[in-house]
Amino acid sequence: MPVSHRTFTIQSDRRPTFHDVTEQVQESLATSGIRDGILVVYSQHTTCSVLIQEASDDTDYWGTELLMQDLVTALESLVPTCRTEGQYRHPGPKHIVAAAGRDELPAWSLNTDAHLRSVILGRSQAIPVVDGAMMLGEFGRIYFADFDQVRARERTVRVQIVGE
Amino acid sequence: MPVSHRTFTIQSDRRPTFHDVTEQVQESLATSGIRDGILVVYSQHTTCSVLIQEASDDTDYWGTELLMQDLVTALESLVPTCRTEGQYRHPGPKHIVAAAGRDELPAWSLNTDAHLRSVILGRSQAIPVVDGAMMLGEFGRIYFADFDQVRARERTVRVQIVGE
Amino acid sequence: MPVSHRTFTIQSDRRPTFHDVTEQVQESLATSGIRDGILVVYSQHTTCSVLIQEASDDTDYWGTELLMQDLVTALESLVPTCRTEGQYRHPGPKHIVAAAGRDELPAWSLNTDAHLRSVILGRSQAIPVVDGAMMLGEFGRIYFADFDQVRARERTVRVQIVGE
């Protein structure tokens, strides 16, 4: 059975960022040779998520689509942005020592909000592939979300397809 | 490798609706000929979700199972029902123009709450299939949820199975 | 096409419990013989979830990792622990009668919070398998979460893999 694995990267900013990766995923599917099966778009990063939503058309001054900003606003009320240590229980002292051993600044661990938002929204989307096309409906777009606000980073998106 | 794709439709109402689609999914599996693999129940609609939960037995005056109503009540505190424009940032002016080009009333775009609830709960469920049976446990039922409250619509549910 | 199905069990406590099951899932993959494909870690229990997150290193007095306790704290504000009947609409009278028919105490049904938390966080994780390895990234660990606080129970975790 054919299995296809593709990766590509995006560049995040120091605020919640949402990248429309529909075209890159479509290209991963087209080059896989798989016509029917299940496609998984997956984030291996523990502060990121993969979402499917409609394009919002309008953006705010930061370039964030309005629907995604509404999502951030709702999440902010449930899981507020971590401003300083002690706001959440994580990171604790052992975690900070371990991070220092990896040459990470203590402040880089102040992303508990991003970890929790990633858990709540999930890390992947499974999409049916039929006759070579993803079943996204008329309006569905695939977004890679990075909720980490402590540093800008290059992030890896994985596209795994099984089928025939 | 066998891949099966089936669809069926449900009719939503102008309130959050939850359809127990376990039997339809079971029939999709039975007619697929696949005995072992992964089955994905998927919504292509950006204001809908697919859930697995136990049947609540009791319903409210609207016919909604009580557990699902408790879910709506919790979501209402996080993502309140959109009552009028300006409550959320989405839909913005470009989105309304684009919708008008599709002959949609502006009020039909006042479903931001439904988009956000769909993102939070997810759009699909992946279920192991073993010896021809879905592993739902003693109480698991599959629900298709439509959170869009601005108009009643026919909705498509997709069942994709890969395996052998 | 190879399909692999493995199960193992964990023992929950009468509080939200999080088990790091990465090693058991890894062993399920190693014994499957599958080198490339999609692996699903799945809970068949309607009050449980499967999460991927980084290890928190530190734990609280109960032994709960701090990041997971932060998650419980956030969920508590959205879906408070059910303390007594009537706090949520579920369980209703028919549900209690049905539970009694299964020799269940009425108080065992006072786990509506756990059902809702399971729905919000989801019941499974789909993970790409490449060259025999799960793509978990540097920090990803797999957790089985049991949110049911009314009784301690043995829980089944399922690992389903399709690929080649």
Side-chain angles (χ1 to χ4, degrees), chain A residues 1-3 18 34-40 49-61 64-79 117 119-131 133-143 145 161-164, chain B residues 1-7 37-50 74-75 77-80 82 87-99 102 109 111-127 155-164:
Chain A
M1 177 202 59
V3 177
F18 300 88
I34 297 176
R35 302 281 304 168
D36 294 279
I38 294 173
L39 180 154
V40 172
S49 291
V50 178
L51 318 174
I52 300 176
Q53 262 306 323
E54 68 173 16
S56 194
D57 297 319
D58 303 84
T59 58
D60 71 2
Y61 293 166
T64 300
E65 294 189 17
L66 295 189
L67 186 59
M68 293 298 112
Q69 184 54 43
D70 284 330
L71 175 63
V72 172
T73 300
L75 289 171
E76 188 72 32
S77 72
L78 181 64
V79 183
R117 294 172 185 189
V119 165
I120 291 168
L121 296 181
R123 293 161 60 88
S124 68
Q125 294 290 336
I127 304 168
V129 173
V130 181
D131 288 337
M134 289 188 284
M135 298 290 98
L136 288 174
E138 188 179 357
F139 300 113
R141 307 290 299 177
I142 306 166
Y143 292 89
I161 319 172
V162 297
E164 63 183 1
Chain B
M1 179 202 60
V3 176
S4 168
H5 177 242
R6 296 284 191 285
T7 65
I38 293 173
L39 180 154
V40 172
V41 188
Y42 174 86
S43 160
Q44 70 182 41
H45 305 291
T46 55
T47 54
C48 301
S49 290
V50 177
L75 289 172
S77 73
L78 181 63
V79 184
C82 184
Q87 181 176 341
Y88 292 94
R89 296 215 57 192
H90 175 88
K94 289 182 188 171
H95 193 79
I96 293 298
V97 168
R102 296 188 298 266
S109 291
N111 57 0
T112 302
D113 55 314
H115 287 295
L116 298 182
R117 293 172 185 190
S118 167
V119 165
I120 292 168
L121 296 181
R123 293 162 59 90
S124 67
Q125 295 290 336
I127 304 168
R155 299 296 204 175
T156 299
V157 185
R158 295 184 184 278
V159 181
Q160 191 84 350
I161 319 172
V162 297
E164 63 184 0

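The shown structure was predicted, so the numbers you read here are calculated from the model rather than taken from an experiment. Below, chains carry the letters A, B, ... as their sequence lines are ordered, and counting in each starts from 1.
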Top contributor to chain B interface from [options] [non-hydrogen pairs under 4.5 Å]:
| options | value |
| --- | --- |
| A/Ile52, A/Leu121, A/Asp60 | A/Ile52 |
| A/Ser77, A/Pro128, A/Gly137, A/Ala126 | A/Pro128 |
| A/Val130, A/Ile120, A/Leu51 | A/Val130 |
| A/Ile38, A/Asp57, A/Asp58 | A/Asp58 |

At a heavy-atom separation under 4.5 Å, does [X] approach chain A through its side chain, its backbone, both, or neither?
| X | value |
| --- | --- |
| B/Tyr42 | side chain |
| B/Pro93 | both |
| B/Val119 | both |
| B/His5 | side chain |

Notebook entry, point to check: Quick one: of B/Arg102, B/Gln125, B/His45, who has the most non-hydrogen atom pairs under 4.5 Å with chain A?
Noted result: B/Arg102

Note to self: Please check this pair: side chain of A/Asp70 against backbone of B/His90, looking for a donor-acceptor N/O pair closer than 3.5 Å.
What the structure shows: yes

Next item on the list: Ignoring hydrogens and angles, tell me if any N or O in the side chain of A/Gln53 forms a donor-acceptor pair with the backbone of B/His115 under 3.5 Å.
Entry: yes

Next item on the list: State, yes or no, whether a side-chain contact exists between B/Leu116 and A/Leu67 at a heavy-atom distance under 4.5 Å.
Entry: yes

Notebook entry, point to check: When rounded to the nearest 0.5 angstrom, what is the spacing between CD1 in A/Ile127 and CD in B/Gln160?
Noted result: 11.5 Å

Notebook entry, point to check: So how far is it from A/Glu54 CD to B/Ser118 OG, rounded to the nearest 0.5 Å?
Noted result: 10.0 Å

Checklist line | Heavy-atom pair with the smallest gap, counting every atom of A/Met135 and B/Gln44 | finding: O-CB, 4.0 Å

Notebook entry, point to check: Where does A/Glu138 contact chain B at under 4.5 Å (heavy atoms): side chain, backbone, both or neither?
Noted result: side chain

Margin query: Going by the rule salt bridge (Lys or Arg N to Asp or Glu O under 4.0 Å), which residues pair with B/Arg158 if we only count those two or more places apart in sequence or in a different chain?
Written below: none

Next item on the list: Please list, chain by chain and in numerical order, all residues satisfying salt bridge (Lys or Arg N to Asp or Glu O under 4.0 Å) with A/Arg117, sequence neighbours excluded.
Entry: A/Glu76

